[in-house]
Amino acid sequence: MDVTDDELRIAGVGDLYYPVRKMEMVTPRSYQLKLEQPLDMQAGLDVDQSAPTIVVPDYADPGTVLSFAKMTSNSYLPPNNTNWLDIDKWNLTIGFGWDKDGLRGYVFEDENDNLVLAYKGTSTALFGIGGGGTTKRDKYNDNMMFSCCCGKCGPTWRALCDCVAPVANTCNQTCLTSAAHYNDSYYELAQDIYLETKKLRPTSTLWLAGHSLGGALASLIGLTNSVPVFAFESPGELSFARRLGLLPPPPEPLPQDLPIYHFGNLGDPVFMGACNGALSICWLGGYALERGCHAGRTCMYDPDDVRIRKGMDQVQMANWINKVDDLNGGSPVVPMSMDGTLAQATPGNKSVPMNIRYHQINNVIKLFLEEAESVPTCVPEYNCTECSLWNFIE
């Protein structure tokens, strides 16, 4: 997908400032655990002097996280849309993919020659993010990337590849790895867009962002090119990264020092890997979103913390969420859908059940980010498991 130099011109800048951190970075393809933490996290570890220093957005700064989230929200909107969110200190350059049925998004820039490439996520009324011309291709990529075995999440579902074995819930892992390279792959399109942007602006600092499917794509491209990533409410991309060869297969340990930051919340069934199984809203909509393990670090917001901070009881919290959701277009209400339980599925979240409303990016911005005074500690997902009902054979 071509991006011209004119398409990357900046529309105008003001007096800008943006907080950053410096980290040591090593290409994850080396499968070596090396130091990438900020200096305050380096105690007792040896720094690899050969690793290049990269500039990373300040993932502990609430204003920084909010700015990136707004970019991912705007990535769903066509140019000049009236619902566009203003982003302090950042300017739009141009969009990509808006004349085609496929991957879309925008490139943003600040005065310090920092670029953010924001990939659009899944467009679907099911998630309260509208429909649009990319819905079919978005869903195909969702089911290829985030299902246990090529979208075969029930006896009536048609597999999108030939990796499903005759025995129930059995998948050929070798076949599944090969199937990561498929026609119409958004990962390959996202990589083309990244490379073209980098070629046209070789001296700029380039960061990646996205929401949902877009966040997962940003993470994969970040792993491919050693670029920092802010991802919001994305399904688990760790398995797909392993299938692509970007990270070592199990049981090899994963790098704990990747500058990939997944911002999610305990109420979002998509982020938590719980939007699957009969009667989940994803299952009812034909989405096989079964993966919940993420690469890099997870920065987890808890709806119950918000409820307590605002002094609400459970009913008041539910009413507020409904009001916020209605103002942002409204997510579909499916009375019979079941998207996870309370404490069993989300330790620490004692009073707020999972609901697809917690996935919509504008809801996330309003509920968690706009009034945030801090960012949850970002930590690797240790011992994460998924697809436990499946047997993967060679």
Side-chain angles (χ1 to χ4, degrees), residues 28-29 31 68 72 75 103 105 117-122 127 138-151 153 160 173 176-177 179-182 185-191 193-194 207-250 252 254-265 268-276 282 287-300 359 361 378-382 384-387 392:
R29 283 183 183 274
Y31 298 160
F68 273 71
T72 70
S75 70
L103 185 59
L117 176 54
Y119 297 108
K120 182 185 77 67
T122 300
F127 298 154
D138 292 351
K139 178 186 285 189
Y140 177 74
N141 278 272
D142 279 326
N143 289 351
M144 285 295 291
M145 295 171 64
F146 310 124
S147 64
C148 293
C149 192
C150 294
C153 68
L160 301 176
Q173 182 63 53
L176 190 62
T177 298
H181 302 279
Y182 55 90
S185 168
Y186 274 10
Y187 164 73
E188 296 179 4
L189 285 173
Q191 174 68 355
I193 293 167
Y194 168 83
W207 300 322
L208 304 175
H211 167 260
S212 193
L213 169 62
L217 291 170
S219 176
L220 295 169
I221 301 307
L223 285 168
T224 304
N225 301 282
S226 301
V227 179
V229 175
F230 277 28
F232 296 85
E233 309 295 343
S234 65
E237 90 294 10
L238 175 58
S239 173
F240 197 75
R242 283 170 158 162
R243 290 163 59 191
L244 290 171
L246 304 176
L247 290 171
E252 294 296 320
L254 292 172
Q256 303 296 313
D257 45 12
L258 302 173
I260 297 173
Y261 302 93
H262 285 279
F263 300 92
N265 76 86
D268 179 6
V270 174
F271 183 77
M272 297 298 296
C275 198
N276 55 72
C282 295
Y287 289 85
L289 304 183
E290 302 172 288
R291 300 284 185 173
C293 296
H294 303 87
R297 297 184 178 98
T298 294
C299 320
M300 188 74 77
H359 183 68
I361 184 58
C378 302
V379 297
E381 294 184 359
Y382 296 107
C384 182
T385 59
E386 58 190 6
C387 295
F392 294 91

**Q** To the nearest 0.5 Å, what is the distance between CD1 on Ile221 and CD on Glu188?
**A** 9.5 Å
**Q** Flag the pair Phe263 / Phe230 as yes when their ring centroid distance falls below 6.0 Å, and as no otherwise.
**A** yes
**Q** As an exercise, state the distance from CE of Met272 to CG of Leu289, rounded to the nearest 0.5 Å.
**A** 14.5 Å
**Q** Below 2.5 Å, is that where the SG pair of Cys282 and Cys275 sits?
**A** yes
**Q** Please confirm whether the backbone N or O of Asn143 pairs with a side-chain atom of Ser147, one donor and one acceptor, at under 3.5 Å?
**A** yes
**Q** Strictly by modelled atom types, are Tyr187 and Asn141 linked by a side-chain donor-acceptor pair under 3.5 Å?
**A** no
**Q** Looking at every heavy atom in both Ala209 and Thr72, which two are closest together, and how far apart are they?
**A** CB-CG2, 4.0 Å
**Q** List the atom of Pro255, the atom of Leu247, and the distance in Å for their closest heavy-atom pair.
**A** CD-CD2, 3.9 Å
**Q** Can you confirm if the aromatic rings of Tyr186 and Tyr119 lie within a centre distance of less than 6.0 Å?
**A** no
**Q** Return yes if some donor-acceptor pair links the side-chain N/O of Tyr261 with the main-chain N/O of Cys378 below 3.5 Å, else return no.
**A** no
**Q** Is there a donor-acceptor pair under 3.5 Å between the side chain of Arg297 and the backbone N or O of Pro380?
**A** no
**Q** Would you mind reporting whether Leu244 and Met145 have side-chain heavy atoms less than 4.5 Å apart?
**A** no
**Q** About how many Å separate CG of Asp268 and CE of Met300, when rounded to the nearest 0.5 Å?
**A** 9.5 Å
**Q** Using 30° and 60° as the class boundaries, would you call the ring planes of His262 and His294 parallel, tilted or perpendicular?
**A** tilted
**Q** Using a 4.5 Å cut-off on heavy atoms from C-beta on, say whether the side chain of Thr385 contacts that of Cys293.
**A** no
**Q** Distance check, rounded to the nearest 0.5 Å: His359 atom NE2 versus Ser234 atom OG?
**A** 8.5 Å
**Q** Run the side-chain contact (heavy atoms from CB on, under 4.5 Å) check on Gln191 and Asn225 step by step: do they pass?
**A** CA-CA 9 Å; Gln191 174 68 355; Asn225 301 282; 2.8 Å; yes
**Q** Nearest 0.5 angstrom please: Ile193 CD1 to Leu208 CG, how far?
**A** 11.0 Å
**Q** If only atom types and distance count, is the side chain of Glu290 paired as donor or acceptor with the main-chain N or O of Asn276 below 3.5 Å?
**A** no
**Q** Of all heavy-atom pairs between Gly292 and Glu386, which one has the smallest distance, and what is that distance?
**A** N-OE1, 2.8 Å
**Q** What is the distance from atom CZ of Phe146 to atom CG of Leu213, rounded to the nearest 0.5 Å?
**A** 5.0 Å
**Q** Decide yes or no for Tyr182 and Leu160: does some side-chain heavy atom of the first lie under 4.5 Å from some side-chain heavy atom of the second?
**A** no
**Q** Would you call the rings of Phe68 and Trp207 parallel, tilted or perpendicular if under 30° counts as parallel and over 60° as perpendicular?
**A** tilted
**Q** Over all heavy atoms of both residues, which pair between Val270 and Glu233 is shortest? Give the atoms and the distance, please.
**A** CG1-O, 4.3 Å
**Q** How close do Lys120 and Asp138 get, counting heavy atoms only, and between which atoms?
**A** NZ-OD2, 3.0 Å
**Q** Treating Ser219 as the side-chain partner and Gly215 as the backbone partner, does any N or O pair qualify as donor plus acceptor under 3.5 Å?
**A** no
**Q** Of all heavy-atom pairs between Val229 and Gly222, which one has the smallest distance, and what is that distance?
**A** CG2-CA, 3.7 Å
**Q** Are the side chain of Glu237 and the backbone of Ala295 linked by a donor-acceptor contact shorter than 3.5 Å?
**A** yes
